[in-house]
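Below is one structure, written out as C-alpha cells; the observations come after it.
In this text the structure is predicted, and so the values were computed from the model without any measurement.
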Amino acid sequence: DKVKPSNLRKNEMADRVQIPVYTDRWMMGDRYGEVVKIRKAGNYLDPHDPRGRTLLVVKLDKSGKTVKVVADDCTYV
C-alpha cells in the first residue's frame, strides 16, 4: 500500500521513504529515512501560482542527517 504525495496531509506523514537516486546521499548508501515534515515549495516568481511542488524533510537512517527532497521523486516503503 503505497502513499502518494497528494494523499499526504500535514498531520499524517508516511513513515518511511527511499530518497531519489540522483542525490549524493543515495549514492553514498544513505538511501532510507523517516519523513519528519511535509512542506509546499512556493513559486517565488509568482506567489499565486498553484503548481508548487511538495517537499519532504527526511531524517536519514545511516547518517542521521536531515535532507529536503521532492516528494514525487521518493519511493514510499
Side-chain angles (χ1 to χ4, degrees):
D1 186 27
K2 300 220 178 205
V3 179
K4 301 288 182 195
S6 58
N7 296 341
L8 292 173
R9 284 180 263 154
K10 287 201 178 221
N11 57 357
E12 74 176 52
M13 293 184 247
D15 290 333
R16 308 267 311 144
V17 294
Q18 178 179 353
I19 63 173
V21 298
Y22 56 78
T23 60
D24 289 339
R25 287 275 155 211
W26 190 92
M27 293 180 193
M28 288 189 278
D30 207 2
R31 299 178 179 175
Y32 297 96
E34 189 173 316
V35 177
V36 294
K37 193 177 201 180
I38 300 171
R39 298 185 55 204
K40 185 78 167 171
N43 183 345
Y44 297 108
L45 297 176
D46 183 8
H48 302 292
D49 186 7
R51 296 176 293 170
R53 292 192 174 238
T54 303
L55 297 177
L56 299 178
V57 179
V58 179
K59 183 172 183 184
L60 299 172
D61 294 339
K62 189 174 178 184
S63 66
K65 294 190 181 229
T66 304
V67 295
K68 294 177 193 166
V69 291
V70 177
D72 291 333
D73 295 344
C74 290
T75 305
Y76 297 87
V77 293

Residue from V77, T75, V58 passing side-chain contact (heavy atoms from CB on, under 4.5 Å) with Y32: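 One option only clears the test, and that one is V77.
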Any residue meeting side chain to side chain donor-acceptor pair (under 3.5 Å) with T66, in chain and number order, not counting sequence neighbours: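 If we apply the side chain to side chain donor-acceptor pair (under 3.5 Å) test to T66, skipping adjacent residues, there are no hits.
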ILVMFWY cluster, V35 and V70 together (side-chain gap under 4.5 Å):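 Different clusters.
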Side-chain atoms of residues 17-28: list all donor-acceptor pairs with protein atoms under 3.5 Å, sequence neighbours left out, distances to 0.1 Å.
unit_1, atom_1, unit_2, atom_2, d
Y22, OH, D73, OD2, 2.6
T23, OG1, P20, O, 2.9
T23, OG1, W26, N, 3.3

Value rounded to 0.5 Å, distance of CG in L60 from CZ in R31: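 Reported to 0.5 Å precision, the distance equals 12.0 Å.
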CD1 on I38 to CG on L56, rounded to 0.5 Å: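 So the gap between those two atoms works out to 6.0 Å.
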